[in-house]
Amino acid sequence: MTAFTVVLVLVVAAAGFLRWRRPAWYWLAFGVNLAALRVLVRYRSVMDACELTVPPARWRLSLARATNRPIPEPRPPRIRRLWPTRTGLVLRLKLRPGQDAFDIAAASDRLRHSFSMFGVTSREVRSGVVEVRMTGYDVLKRVQMPAETETRPMRVPVALREDGSVHYRDYRAIPHALTLGATESGKSVYQRNLVAGLAPLDVALVGIDCKQGVELFPLARRFSALADSPDTAAELLDAFVARMADVYRLIRTQQRITVDVPDAEIAADIWDLPDELRPTPVVVLVDEVAELALYATKEEEKRRDRIITALVRLAQLGRAAGIYLEICGQRFGSELGKGITMLRAQLTGRTAHRLNDETSANMAFGDIAPDAVLAAIQIPAELRGLAIAGDASGGWHRIRAPHTSLRQAVNLCNRYADRTPDLPELAPFRPTTGTATELVPSAKASPATA
């Protein structure tokens, strides 16, 4: 009895320590079994308390009265499948007649309390079938990406969602995106994860960083072109517009719409072209879009109009030519001038880290998911990297990217530097990398030589 008590105390202490220091280990070792048992035991009573049941069918009531049996109880949604994940449980439900997927979504917070889970989200898989994902702990407090993720062309994992699933940046599905975030909100870390995910792929990376390149220049060995000032950015974007026209001419000549090739797939973008003819897809990262839109003189205003016009044209027409935009900034509002809202309308993907004003949140989500605006402005300052991600479908999620230091991102870009394609039309903008001593401004002597 004494030995059993000692073992029991050690197990309880180990469980408490794991729950405090390693919640993922605790979940896999203890929590998943307890949570599954709790869900199965409480399921009927919880669904009844959350008003997610329907009255029995009339024929059952008639049969009960005819046979003098007890009146059947209200019926909850039927459990079709229950399986554990590394972060929680997934419950697939078959709705009863008269129920709607919105009923489950509206009761998510009550289900979270009733099943003693950290979070509950739901989505409709198909008509009449709803998938409820429950997380057993705060997966966004200490982000740990799964060891294996789904790999597809132009699709990279960049963050973890609050339901424990991986958040992907899929350029084939969402070609252009807007990423906002105030200073020290985690926007730069999100951008590093994006570059780190794209580095091993067969894709050209192009950067526009008007802060003299301090954010993107360390990653320059993986970039095919880099602009560090608005003047250079204007020339680079003009070169992209010309490249886009050349790619469209190539697609036009290879559309395969003649009777000679009746069974061939008609080419409408670069992904329909043969591999040997397909141009290299390009991802353009704009680090601070406000710097491109601000002006103080008439000459700068002409340059600004030229830049915004080129960005709008690339956003409207660049997808089929394999040109994808990642627009980032601390501030994004209509006061940046004409063309900004037109550019915003073409940016399907929206990600907002902590913002200092509600106007930027409205620019990010006001036209696609108004309820995400409040969530975006309520992100606490101490949770760097936490963001709201949405798209034109109206759905949105809380996400958080794993912390990636600048050194880790630089090492990864250096490792895959041989994958950097050489685009002739962008050769004048190819960044030149040198030693650390060459990069120190001559006007500022180092402490050792001063």
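- Remark: the backbone N or O of Arg161 is not paired with any side-chain donor or acceptor of Arg398 at under 3.5 angstrom.
- Residue pairs meeting the side-chain hydrogen bond (donor to acceptor under 3.5 Å, both in side chains) criterion with at least one member in residues 275-286, sequence neighbours excluded: Asp275-Arg278.
- Remark: side-chain polar atoms of Asn362 are paired, donor with acceptor, to backbone N or O of Glu358 under 3.5 angstrom.
- Panel note: side chain Arg350, backbone Gly390; no donor-acceptor pair is recorded below 3.5 Å.
- Under the salt bridge (Lys or Arg N to Asp or Glu O under 4.0 Å) criterion, Glu288 pairs with no residue at all, not counting sequence neighbours.
- When atom types are taken as modelled, the side chain of Arg42 and the backbone of Ser114 share a donor-acceptor pair closer than 3.5 angstrom.
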Full working for side-chain contact (heavy atoms from CB on, under 4.5 Å) between Ile79 and Arg92: CA-CA 6 Å; Ile79 298 179; Arg92 185 160 291 185; over 6 Å; no
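- Evaluation of the salt bridge (charged side-chain N to carboxylate O under 4.0 Å, His left out) test over residues 116-126, restricted to residues two or more places apart or in two chains, returns Arg123-Glu131.
- Here Asp287 pairs with Lys211 under the salt bridge (Lys or Arg N to Asp or Glu O under 4.0 Å) rule; sequence neighbours left out.
- Under the 3.5 Å distance criterion, the side-chain polar atoms of Ser185 are matched with a main-chain donor or acceptor of Ala182.
- In this structure the side chain of Val206 never reaches within 4.5 angstrom of the side chain of Phe429, judged on heavy atoms.
- Listed by first and then second residue, the side-chain hydrogen bond (donor to acceptor under 3.5 Å, both in side chains) pairs that reach into residues 380-390 are Glu184-Arg384, sequence neighbours excluded.
- For Asp163, the salt bridge (Lys or Arg N to Asp or Glu O under 4.0 Å) test picks out Arg133, with sequence neighbours left out.
- Counting only heavy atoms from C-beta outward, the side chains of Ile251 and Leu273 approach each other to under 4.5 Å.
- With respect to Leu194, the side-chain contact (heavy atoms from CB on, under 4.5 Å) criterion is satisfied by exactly one of Leu285, Leu205, Val283, Val189: Leu285.
- Counted within 6.0 Å of CZ on Arg313, heavy atoms from surrounding residues, nucleotides or ligands total 12 or fewer; the atom is thus considered open.
- Using a 4.5 Å cut-off on side-chain heavy atoms (C-beta onward), Met47 and Leu93 make contact.
- His167 has its side chain out of reach of Pro157: every pair of non-hydrogen atoms, C-beta onward, lies at least 4.5 Å apart.
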Gln191 and Leu216: CA distance, side-chain angles, deciding distance, side-chain contact (heavy atoms from CB on, under 4.5 Å) verdict: CA-CA 10 Å; Gln191 192 178 62; Leu216 298 180; 3.7 Å; yes
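- In summary, the side chains of Arg407 and Asn411 do present a donor paired with an acceptor at a separation below 3.5 Å, with no hydrogens or angles considered.
- The main-chain N or O of Arg155 is never found under 3.5 Å from a side-chain atom of Asp170 such that the two would form a donor-acceptor pair.
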Expected list for residues 172-180: side-chain donor-acceptor pairs under 3.5 angstrom, two or more places apart:
from: His176; atom 1: ND1; to: Leu325; atom 2: N; distance (Å): 3.1
from: His176; atom 1: NE2; to: Ala315; atom 2: O; distance (Å): 3.1

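- The shortest distance between side-chain heavy atoms of Arg243 and Leu423 falls below 4.5 Å.
- The backbone N or O of Ala199 lies less than 3.5 Å from a partner atom in the side chain of Arg222, making a donor-acceptor pair.
- At most 12 heavy atoms of other shown residues, nucleotides or ligands fall within 6.0 angstrom of atom CD in Glu51.
- Listed by chain and number, the residues in a side-chain contact (heavy atoms from CB on, under 4.5 Å) with Ala233 are Ile208, Ala227, Leu292 (sequence neighbours excluded).
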Candidate pair Arg110 and Val46, rule side-chain contact (heavy atoms from CB on, under 4.5 Å), full reasoning: CA-CA 9 Å; Arg110 287 177 287 171; Val46 166; over 6 Å; no
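- Of the possible polar contacts, none joining the Arg80 side chain to the Lys94 backbone as a donor-acceptor pair under 3.5 Å is found.
- Applying the side-chain hydrogen bond (donor to acceptor under 3.5 Å, both in side chains) rule to pairs touching residues 314-333 yields Arg169-Glu326, Tyr171-Glu326, Thr183-Gln330, Asp269-Arg319, Trp271-Tyr324, Arg331-Glu335, Arg331-Asp357, Arg331-Ser360, sequence neighbours excluded.
- Residues satisfying the ring-ring contact (aromatic ring centres under 6.0 Å, His included) test with Phe365, not counting sequence neighbours, are none.
- For the atom pair NE2 (His353) and CD1 (Ile388), the distance works out to 10.0 Å, reported to the nearest 0.5 Å.
- Screening residues 83-127 for ring pair (Phe, Tyr, Trp, His ring centres under 6.0 Å), with sequence neighbours left out, gives no hits.
- Residues forming a salt bridge (Lys or Arg N to Asp or Glu O under 4.0 Å) with Arg86 (at least two apart in sequence, or on another chain): none.
- Not one N or O on the side chain of Thr404 forms a donor-acceptor pair closer than 3.5 Å with the backbone of Asn193.
- Under a 3.5 Å cut-off, the side chain of Gln378 and the backbone N or O of Ala375 do not form any donor-acceptor pair.
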